[in-house]
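Below you'll find the structure, written out as structure tokens, and then a few comments.
Just so you know, ligand 1 is whichever comes first in the structure, and atom 1 is the first atom listed for that ligand.
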Amino acid sequence: MSLREDIARVVIGERDLGQRIRELGQQIAADYAGESPVLIGVLKGAVLFLVDLMREIDLPVELDFIAISSYGGATQSSGVVRITKDLDSSVEGRHLIVVEDIVDTGLTLRYLVENLASRHPASLRVCALLNKRKVRKADLRLDYVGFEIPDEFVVGYGLDYAEQYRNLPFIGVLRRETDS
Ligand code: IMP
């Protein structure tokens, strides 16, 4: 049984992901020249993006992780968010780049940004691989965006459906039960 059999359509292929992530890494390296920013990976979805992105940033970066859980259904954000794993280190006075997989309603990221801002970093920017084109519930500034995608549920390259499909090397849309 192949994971790929469950995919109806590839939205972003491996080559396009690699190319865009290289561009993002170079842009971040140029913007933070002379600094040592802290990349904050949002677990678990941003892990593949983070490890590929950091290899493209030619700067002395540090890494930290935060895990959050959103109360609500599997495919819907409720906006009520809880930190389930906090950062290991203080980020006071540091330049932070939050590395997120996807922005849907923006509620998760808004909570994270407010929470991190209260820790007095020197600066705080957001780098999201995917941004869904839709009317936002939360007002949010995204500093670096990999791809704008239509408002549909995607999996792969870190993104899951019920904890599955994270290990697909591309982003795709799941086949529906009714498709054949
Ligand atoms: P938001 O709070 O609505 O912006 O939701 C953000 C979080 O919901 C992301 O970090 C993902 O974990 C999850 N999410 C949103 N859209 C998708 C999707 O299309 N596929 C997989 N996970 C998604």
- Query: Within less than 4.0 angstrom of ligand 1, does Val81 place any heavy atom?
  - Reply: no
- Enumerated ligand 1 atoms positioned under 4.0 Å from heavy atoms of Asp160: 21 (C)
- Of the side chain and backbone of Thr105, name the one, both, or neither that has a heavy atom under 4.0 Å from an atom of ligand 1. both
- Atoms of ligand 1 under 4.0 Å from any heavy atom of Thr108, numbered from 1 in the order shown, are 1 (P), 2 (O), 5 (O), 6 (C)
- Task: Heavy-atom contacts with Glu152 under 4.0 Å: which atoms of ligand 1 show up? List them by number with element.
- Result: 19 (O)
- Query: Any non-hydrogen atom of Gly106 lying under 4.0 Å from ligand 1?
  - Reply: yes
For residues 25-43, dump all side-chain donor-acceptor pairs below 3.5 Å to protein atoms at least two apart in sequence or in another chain.
from: Asp31; atom 1: OD2; to: Tyr144; atom 2: OH; distance (Å): 2.6
from: Glu35; atom 1: OE1; to: His95; atom 2: NE2; distance (Å): 3.3
from: Ser36; atom 1: OG; to: Pro60; atom 2: O; distance (Å): 2.4

- Query: When rounded to the nearest 0.5 angstrom, what is the spacing between CG in Leu109 and CG in Leu112?
  - Reply: 6.0 Å
- How does Lys132 reach ligand 1, by side chain, by backbone, by both or by neither, if only non-hydrogen atoms under 4.0 Å count? side chain
- Query: In terms of atom number and element, which parts of ligand 1 are under 4.0 angstrom from non-hydrogen atoms of Glu100?
  - Reply: 10 (O)
- Message: Membership question, hydrophobic clusters at under 4.5 Å side-chain separation (ILVMFWY): are Ile21 and Val145 in the same one?
- Response: no
- Message: Run Asp101 and Tyr157 through side chain to side chain donor-acceptor pair (under 3.5 Å) and show every step you take.
- Response: CA-CA 9 Å; Asp101 51 2; Tyr157 198 69; over 6 Å; no
- Item | Beyond-backbone contact of Arg9 with Arg175, side-chain heavy atoms, under 4.5 angstrom | no
- Relative to the heavy atoms of Leu159, which atoms of ligand 1 are at a distance of less than 4.0 Å? 21 (C), 22 (N)
- Task: Could you list the residues that satisfy salt bridge (charged side-chain N to carboxylate O under 4.0 Å, His left out) with Asp6, not counting sequence neighbours?
- Result: none
- Message: So, regarding Phe153 and ligand 1 (criterion: nitrogen or oxygen to nitrogen or oxygen, under 3.5 Å), is there a contact or not?
- Response: no
- Item | Heteroatom proximity flag, Asp101 to ligand 1, N/O under 3.5 Å | yes
- Item | Short side-chain to backbone donor-acceptor contact, Asp64 and Ser89, under 3.5 Å | yes
- Message: So for Leu107, does at least one of its heavy atoms come nearer than 4.0 angstrom to any atom of ligand 1?
- Response: yes
- Task: For residues Asp160 and Val155, determine if any side-chain heavy atom of one lies less than 4.5 Å from a side-chain heavy atom of the other.
- Result: no
- Item | Salt bridge Lys85-Asp88, side-chain N to carboxylate O under 4.0 Å | yes
- Message: Can you confirm, on distance only, whether ligand 1 has an N/O atom lying under 3.5 Å from any N/O atom belonging to Val154?
- Response: yes
